[in-house]
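Only heavy atoms go into these numbers, but all of them, side chains included; no hydrogens, no water, no symmetry mates.
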Amino acid sequence: MDPITLTTFTIAYAIAVLVPGPGVAAVVARALGGGFKGAFPMVLGILAGDLVYFVFAVFGLAAIATWFGAVFVVVRWAGAAYLLYIAYRFWTARPGAEQMKPRNEDAFKTFLAGFSLTLGNPKTIVFYLAILPTVIPLDQMNAVAFTELTIIVVTVLLIIGCGYAWLASAAREMFRSEKALGRLNKTAGAMMATAAGLVLFQH
């Protein structure tokens, strides 16, 4: 695929990822509460969900996806419920850095939370259906073009998602007192609850 087309897609996709939404709110909240390592599995989950919708859009499976609307509703509610659970844990956590380190067994659940957050967000597939036909000649899609676009999606989302997580984690490291950590816990909990609300009430 020609460089201009790839550059146009990269810019459009980067802007879409940069715009704050439930995914960004969840990643930032997770990083504020559990540091960069705690947020990274969520970034990977969001990436996995994004790639699912990307494949749907590229291969014309969007119409098929709409047949499973009820499944995506269940996924959305399950993902929001887990985000609320994380919010509760942050809100009620005893102030202290040792309390905020995520448990190893929670990594996969955090990944699933990010994955379901993306799958339960209909705006994700709307983005791909709106942007791909306008900047990418889908009738010319081949293995090389698909690989190039996939690399762009993975690279851009990881850079921006990890960037948000790192900045939030760096801000967390600035707070050492119990009082500051307590406020940070509640901020993370409130942001996570907000992300859950955005997931539920988006159309």
Minimum heavy-atom separation for [X] to [Y], with atom names?
X      : Y      : answer
Ala165 : Ala39  : CB-CB, 3.9 Å
Val24  : Val17  : CG2-O, 3.9 Å
Gly49  : Phe115 : N-CD1, 3.3 Å

If we only count heavy atoms from C-beta on, is the [X] to [Y] side-chain gap below 4.5 Å?
X      : Y      : answer
Cys162 : Phe40  : yes
Leu44  : Thr110 : no
Val28  : Leu32  : yes
Phe54  : Asp50  : no

Ile11 CD1 to Leu6 CG distance, which is reported to the nearest 0.5 Å: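 Between Ile11 CD1 and Leu6 CG, I get 11.5 Å after rounding to 0.5 Å.
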Separation between CE of Met42 and CG of Leu112, rounded to the nearest 0.5 Å: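 That separation rounds to 10.0 Å.
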Aromatic plane relationship, Tyr53 with Phe56 - under 30° parallel, 30 to 60° tilted, over 60° perpendicular: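 Phe56 vs Tyr53 ring planes: perpendicular.
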Ser169 (side chain) donor-acceptor with Gly35 (main chain) under 3.5 angstrom: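 A pair under 3.5 Å: no.
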Side-chain donor or acceptor of Tyr164 paired with backbone N/O of Leu18 under 3.5 Å: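 Yes: the side chain of Tyr164 pairs with the backbone of Leu18.
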Cluster overlap Phe108 with Phe36, hydrophobic side-chain contacts below 4.5 Å: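 They do share one cluster, since a chain of ILVMFWY contacts under 4.5 Å joins Phe108 to Phe36.
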Shared hydrophobic cluster, Val58 / Val55 (ILVMFWY, side-chain heavy atoms < 4.5 Å):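 Result: yes, single cluster for both.
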Could you go through residues 145-154 and list every donor-acceptor pair under 3.5 Å that involves a side-chain atom there, pairing it with any protein atom two or more places apart or in another chain?
from	atom 1	to	atom 2	distance (Å)
Thr147	OG1	Ala143	O	2.8
Glu148	OE1	Met1	N	3.2
Thr150	OG1	Phe146	O	2.8

